[in-house]
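Shown next, in structure tokens, is the structure this report addresses.
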Amino acid sequence: QSGAITHSETSWVQTTVTGPGTLSFYWKVWSEMHHDNLRFHIDAAEQTHIFGYIDWQQRSYAIGSGTHTLKWAYTKDGSGSIGSDAGWLDRVVYTISTCPDCPADGIITNATYPAGKTCSCSNATSITLGSNVTVESDAIVTFTAPKVTVQPGFHGANGSTIYIKQ
């Protein structure tokens, strides 16, 4: 539920994702009709909004390649209140669509190898699995290079299969 706010204020939550992928979420609102609203933005561009009394509904969006900021914001205008005067967000799910690129320098950071995918990364010199690298459950990933280094921050989920070939 949105935070406690008064007139002319906004309560918001945001996160950052790396695409491509698919986002889905449920939301609802109980607010003044046409005045107070719950909005959804991708990279500061409003995608849609709801106001009045709207029960739970699901929304889904395709997210393009690169890093994107997702933001949900409940905003009140300068006067008036009705109902719960709030917005709700639930069951936010982001699913990465493809395997991350294998960088030319062999240094992999901030990457997720998605559940159920088979991915590979090969480099003629070396591969470094750096911080914030995750292999999700049921993913199969092969890293091939003469030298493979695993640094702190690398995480292989239960059920994932990771092959390192040197």
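Not measured: the values here are computed from a predicted model. Note: hydrogens, waters and symmetry copies are ignored here, and every other heavy atom, side chains too, is used.
A donor-acceptor distance shorter than 3.5 angstrom exists from the side chain of S31 to the backbone of G52, with no hydrogens or angles considered. Between the Q151 side chain and the G130 main chain, no donor and acceptor come within less than 3.5 Å of each other. T109 places no side-chain N or O within donor-acceptor distance of the main-chain N or O of S131, the cut-off being under 3.5 Å. Not a single donor-acceptor pair under 3.5 Å links the side chain of S11 to the backbone N or O of S2.
Annotation: side chain of W88 is not in contact with side chain of Y26 (no heavy-atom distance under 4.5 Å). A 4.5 Å side-chain heavy-atom check between T75 and W12 finds every atom pair outside the cut-off. Inter-residue side-chain proximity for L23 and V92 is flagged as met; some heavy-atom pair is nearer than 4.5 Å. Looking at heavy atoms from C-beta onward, V17 lies in side-chain contact with L70 at the 4.5 angstrom threshold. Side-chain contact between S160 and Y113 is absent, with no heavy atoms from C-beta onward closer than 4.5 Å. Using a 4.5 Å heavy-atom cutoff, the side chains of V13 and L89 are in contact.
Y163 and V148 fall into different hydrophobic clusters, where Ile, Leu, Val, Met, Phe, Trp and Tyr are joined by side-chain heavy atoms under 4.5 Å apart, directly or via other members. Using a 4.5 Å cut-off between side-chain heavy atoms of Ile, Leu, Val, Met, Phe, Trp and Tyr, with links allowed through other members, L38 and Y61 fall into the same hydrophobic cluster. Cluster annotation: V133 and Y94 are assigned to distinct hydrophobic clusters (Ile/Leu/Val/Met/Phe/Trp/Tyr, side-chain heavy-atom contacts under 4.5 Å, transitive).
A pairwise comparison of heavy atoms in W27 and H49 identifies CH2-CA, 4.1 Å as the closest pair. Of all non-hydrogen atoms in Q58 and S24, the two that sit nearest each other are NE2-CB, 3.8 Å. Contact between N123 and P103 at its shortest, heavy atoms only, is ND2-O, 3.9 Å.
For the atom pair CZ of F40 and CZ of F25, the computed distance is 5.0 Å after rounding to the nearest 0.5 Å. Expressed to the nearest 0.5 Å, how far CD1 of I42 lies from CD of Q47 amounts to 4.0 Å. Summarising the geometry, atom NE2 belonging to H41 is positioned 10.5 Å from atom CD belonging to Q14; distances are rounded to the nearest 0.5 Å. A distance of 9.0 Å separates CZ of R39 from CZ of F51, quoted to the nearest 0.5 Å. Distance check, rounded to the nearest 0.5 Å: OG1 of T15 to NZ of K71 gives 13.0 Å. Within the model, atoms OG1 of T128 and CD1 of I107 stand 5.5 Å from one another, a figure rounded to the nearest 0.5 Å.
Residue pairs meeting the disulfide bond (SG atoms under 2.5 Å apart) criterion with at least one member in residues 127-159, sequence neighbours excluded, do not occur.
Contacts of C121 classified as side-chain contact (heavy atoms from CB on, under 4.5 Å), with partners at least two apart in sequence or in another chain: C102, I108, I127, F143. Remark: H155 engages no residue in a side-chain hydrogen bond (donor to acceptor under 3.5 Å, both in side chains) (not counting sequence neighbours).
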### Message
Could you walk me through whether T18 and T112 satisfy the side chain to side chain contact (heavy atoms under 4.5 Å, CB included) test, starting with their C-alpha distance in whole Å, then the side-chain angles of each, then the deciding distance to 0.1 Å, before giving a yes or no?
### Response
CA-CA 9 Å; T18 302; T112 299; over 6 Å; no

### Message
One pair to check against side chain to side chain contact (heavy atoms under 4.5 Å, CB included): I164 and V150. What are the steps and the verdict?
### Response
CA-CA 10 Å; I164 296 178; V150 179; 4.1 Å; yes

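Within 6.0 Å of NZ in K117 there are 12 or fewer heavy atoms belonging to other residues, nucleotides or ligands. Under a cut-off of 6.0 angstrom, the local environment of CG in D105 is crowded, with over 12 non-hydrogen atoms contributed by other residues, nucleotides or ligands.
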